[in-house]
Structures are given as C-alpha cells and as structure tokens.
Amino acid sequence: MDIAAVQRPHPFIEHLQHLGMVDAERATQLAALIHNKPDSPLAIASRTGMVASHALVEALCSYTQWPLLPASELGAMDAMIQGAFLSLQLQPTWCQQENLALWETDDELVCCTSDLLSRSASEMLRIQGTQRGKPVSMRVCRQVDLDNLYAELATHKQLESANSSNLAHLRELAEEGPIVELVNNLLSQSVTRRASDIHIEPGENGFVTRVRVDGVMRELQRFSLDKFDATICRIKILSQLDIAERRLPQDGRMTARIHGEVFDVRVSILPGSNGESVVMRLLRQDRPDYNLADLGMLSDHAQMFQRWIQTPDGIILVTGPTGSGKTTTLYTALDLGNDGLKKIITVEDPVEYKLEGITQVQVNSDIGFTFATSLRSILRHDPDVILIGEIRDQETAGIAVQSALTGHLVFSTLHTNSAAGAVTRLADMGIERFLLASSLRGIMAQRLVRRLCPHCSKEAENPDQISLDLIAKAQKNQDIKEPEIRLRHPVGCDVCLHTGFLGRIAVYEMFEVDAALRLEILEKASETETIKNLRAIGVRSMLQDGLLKAAQGITTVEEVMTLGDL
C-alpha cells in the first residue's frame, strides 16, 4: 500500500468493520471521536478498549500489507536506530510521538511503526528516501515493543551520561598524588626486586600486586578496593589505552625512567570476573652485553654455538616455551656475529631490545604486515643474516627454508618441548623433509633455572648420595672436562632479597645436523627415535646439562630437578 494512503483514517475504520472487529454503531462512535482530533482511529480504539491491542496489530498488517516485526528483531536494532537519529537528523522525542523508529541499511531505509502514519511522518519518509536514493521499507510492530525500545534507549542515554561523569571523576583521581605515587612506587619496587613482570590482580575485597622475580611469583603489596579503578585508569592513561573500555582486552606500552634507567613497559589488560587484570612487562632499553658464559653455556656448547654463528648459510633453531630466554640467546648470537661485514635484519613481534648496527622490523598483523609478508620484502634488501622472531605457520617456515637454501643464515625460534621435536613440528607444517635435511644446521632447546647468589651461597658439606648419583650419571659419555663436584646450597642475603638466588641461567640441549641426522630426517624417524640416537652419541639433555652446572655450584640439584625429565 502507498505510504500516503495510510494517512486516511476512515478507510481504516471501514477495514475494522469489514474484519468484524467493530460493528456499525462502534464504527460511527469511533469516527465521531477522531473528528478534529490529532489521534488516529487505531490509537483511540486501543485506548478506549473498543478493540484488543493484538487484534489492532493484525488489522494494521492486513490494512497496510506490511509485515510484522518481532520484538526480538526490533530490540536488536537499537544501535542502528540510535545511529539513524544522527545520520537522518531526527529527534528521538518526535519519532516516539509519531510511534515509529527508523534505521538505514546499504539498500533501503527501514521504518517500523505501530500506528497509521501522520502527514508529517509520511512527508519525512518521502524526503529522506529521495535524498538517499533508497526505497522506504515499512514494518509493523506492537506498541508495547516500541515503548520498550524507547525506554531502553533512554536508559542507555542516562548510563552514558553517568559513565561520562564517572570517567571524568576517575581521570581526576588518576591524576592526583596518591594514585600517581602508588603506580610510581609499584614500578620502583619492582625494578629494585629485579622483577621481569608486574601483576595487578583484583579480588572481592581488594587487589594484590605481585611480581615475577627469576621466574617465581612473589607478592608485593595489597591495596583496598577503593583504589583499584583509579590505579587501572592511571596505567591506561600512561600506556595510551581507552579508559572507558572495560569489556575487551587491551594492549599498550609506555616508557618509564626508573632509578636512572629507561624501561619499555608492555601493558596487557584482561577483563575478569572481579575486574580488569593487568600485567606489565619490564624491558630495559639498554640491554646488557652478554657473552656465552653469562648465558650459562658450558665450554663444549659455547664452541658449538660459535661455529653456528660463523656458518654462512642454513637455519639455526632455538626451541622452548614462552619465557625460556630464547630471545636473549638469539640477540647474543647476533651481537657475536655482528662484525660490521654483514647485513643483519630481524623480524620480530614485538622488537624487545634495540641492537646497534642491525635493522629491526616489527610486524603488525592488524594491517596484514605478518612475518611472511615482511620476509618477502626483507629478501630484496640483500641480507646476510636474518632473525625471524618465531616460525608460526607454513608460509613463514617455507620462506625461512628457501632463504637458508639461497645463501642466508637464518636464526629463528619454535615452541616445542625438545630440540628433536623441531624437525617433526616443521614437517607437520608442511615443509618437505628433504628441504629440512638440506637447510637445518643446528638445533637447540633451552629452559631457565635460578642461579645461586654468589654473595651468600655456601658449599654443601655433606652432599646427599642421590644428588651425587644423578650428577655421575649426567657426566657419563660427556666429552667435557669439568672440575670436581662442588655442590652449593642457597642461604639468603640483602643482595638476593633473602631468596638465595640471583638471576637465572639457561640449560641447553644442542646438536648439529650432521650426515647421520640428515639421513634420519629423510627416513622420517620419530622424535623418540631421534632422541634415543642423540643420547647414544653423547648429546646431553637439558636435565643433564643442568646437573653439570649444579656440580659446579652454579645452581642446585633441586632447582634443576624442577625441569622434569627433559
């Protein structure tokens, strides 16, 4: 039916009479009631109780031939309806008085109404449709559903106004002295304790701050709940995050000068049942200059690693879980190999430390700049050495292999439990085994264990026989000359904050991909078979490597045994 025709009231009364909803007498009364009145016959019939509300909805649908819109579908349109108020420059109060709601799609302008259209409503729809070059599509809805919609929109508006006021107040609190001092002290204390991460965890009655020191979580301080929102707001402001967003995770970063050192602080916020949980990763911008001994490599591993660094081409893989020190090992390799005669490019997510004389590229998946995308461009920059932060997919793995086969030295990481598992993982990604056999040069796995504090640790006077037996077993088949066993135990002092440990070192499993291993790769040997063959030729496990370091008094047998059977 034409929109303009729906304005005429008397045909609708005749329609009600035709449907048997009103008799001739009530039809005459209804016509008299609407005489010189702004109300429509539908509204008067509903208000006076002449016709039931549900019957009037059916009558309007049959009169106009417009479909009925369910309440659930109308409620789902609230965001689009609010958008239409702005785009169509309409007042919500006027639309509510006219008993209609509008929203716009790519193809049409949709109007939902619970009544006959007034002259002004019909004219508005004609003008809006003409201006946008879109047809007007009509729907019928129940009056109660329309009332509920506008009540919901009014509630949202009140909440937005209240939230805006609350956010302004929260921002003021976050800028005031007590909260600024709380966050500054939190950063200062964490650096003093040599923390790598700061965790802010809300509870029902307050929130707790904890730090990770040498891989172990330790409670720092507890605070009352009234400081929580302002503290989170302060951190969001510093890391340029949206203080109004509390439903979705957010990631940001900030730069902070703490005790004279500049730190890059990575901030991650995760909504939880008791509020937003925050983790701040502390990264010194000035990375210490490590050598292989600082990392924890024994003499045979150090010699092997030095050979890998001087290799002209191939892939060097470092495996291990998140937080096992893989990036530090790779950065040290680049430092040692950066003699000024090579072009070195890294692709990372994110760039953790700035390296002098090395081109570092940070990927950005949000804009499609992935590891694979960046690698294709990097190869046109004529690099000698490439560091890939992590091989995550088949495309990246394929480019890494092709780069190694075409004369580049490629360093990268994989998330596997063992060094031998790297071959299986790459094969599972779809890389042909003959390509892996040709391109792989060296594979290593690593974990971190705590280093004994050199200021307070003491030599064990009567080491237990179990520890001695474990060390003796670890020393078998090892082509390495180490001094006599000097087991030590932690004590605790002010330097190590009375933990007995100061810093961490890595324990390694390392092997070169020689002719025998290439044959195993081609013959599709299982990970278990490869590990068995490696042990037979004297390649020690991470557990054995850790026990050798415990024998030198660098760490403890108990600390090494936390690694399990690696």
Side-chain angles (χ1 to χ4, degrees), residues 79 152 155-259 261-285 322-323 350 352 366 497-499:
E152 187 72 18
T155 303
H156 285 169
K157 188 173 182 180
Q158 292 171 1
L159 288 175
E160 287 175 5
S161 177
N163 286 337
S164 178
S165 176
N166 290 337
L167 286 175
H169 178 61
L170 198 59
R171 184 182 285 273
E172 290 178 4
L173 289 176
E175 300 289 353
E176 289 180 355
I179 299 300
V180 171
E181 186 177 358
L182 187 155
V183 175
N184 289 345
N185 286 342
L186 179 60
L187 291 168
S188 176
Q189 291 181 49
S190 301
V191 170
T192 300
R193 291 173 178 251
R194 300 177 293 103
S196 60
D197 303 273
I198 305 170
H199 296 249
I200 301 176
E201 301 164 342
E204 292 183 2
N205 302 314
F207 67 100
V208 62
T209 58
R210 300 198 295 166
V211 292
R212 188 180 294 279
V213 181
D214 295 336
V216 179
M217 293 289 287
R218 300 185 183 279
E219 185 172 316
L220 190 63
Q221 201 170 351
R222 289 181 177 269
F223 298 93
S224 58
L225 201 58
D226 61 330
K227 295 185 176 69
F228 178 72
D229 288 339
T231 301
I232 302 302
C233 183
R234 174 67 180 169
I235 293 170
K236 286 182 178 180
I237 291 171
L238 291 173
S239 46
Q240 298 180 343
L241 297 176
D242 183 1
I243 65 173
E245 181 56 72
R246 299 182 181 181
R247 300 167 299 173
L248 296 173
Q250 295 190 75
D251 294 305
R253 62 189 298 175
M254 59 177 160
T255 301
R257 180 176 290 276
I258 309 167
H259 301 325
E261 292 186 85
V262 179
F263 286 81
D264 186 17
V265 184
R266 307 286 169 80
V267 179
S268 178
I269 297 181
L270 183 68
S273 58
N274 291 319
E276 292 174 298
S277 176
V278 179
V279 176
M280 294 187 284
R281 183 101 186 263
L282 300 174
L283 298 170
R284 285 180 170 82
Q285 285 193 352
T322 301
E352 293 196 8
D366 293 339
L497 301 175
H498 301 281
T499 63

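Keep in mind that the numbers below use all heavy atoms, side chains included, and drop hydrogens, waters and symmetry copies. Values in this document were obtained by computation on a predicted structure and should not be read as measured data.
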Spacing of [atom1] belonging to [X] relative to [atom2] belonging to [Y], to within rounding of 0.5 Å:
X	Y	atom1	atom2	result
L241	D251	CG	CG	8.0 Å
Q250	I243	CD	CD1	10.5 Å
M217	R212	CE	CZ	5.0 Å

Using a 4.5 Å cut-off on heavy atoms from C-beta on, say whether the side chain of [Y] contacts that of [X].
X	Y	value
I200	F207	yes
R281	D197	yes
T255	V262	yes
L282	R194	no
H259	S188	yes

V278: which of L270, V267, T209, I198 passes side chain to side chain contact (heavy atoms under 4.5 Å, CB included) =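 Exactly one candidate clears the test, V267.
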
Does CG belonging to D226 count more than 12 external heavy atoms closer than 6.0 Å?
->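 For D226, atom CG is crowded (more than 12 foreign heavy atoms under 6.0 Å).
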
Using distance only, find each side-chain donor-acceptor pair of residues 172-183 under 3.5 Å and give its atom names and separation, not counting sequence neighbours.
| unit_1 | atom_1 | unit_2 | atom_2 | d |
| --- | --- | --- | --- | --- |
| E175 | OE1 | R234 | NH1 | 3.3 |

Decide whether H199 and S277 meet the rule of one side-chain donor and one side-chain acceptor closer than 3.5 Å.
->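 Side-chain D/A pair, H199 to S277: absent.
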
Side-chain donor/acceptor of K236 to backbone N/O of E245, under 3.5 Å =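 The answer is yes, because a donor-acceptor pair under 3.5 Å joins these two groups.
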
Non-hydrogen atoms of M254 and S239 that approach each other most closely =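 Scanning both residues, the minimum pair turns out to be CB-CA, 4.2 Å.
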
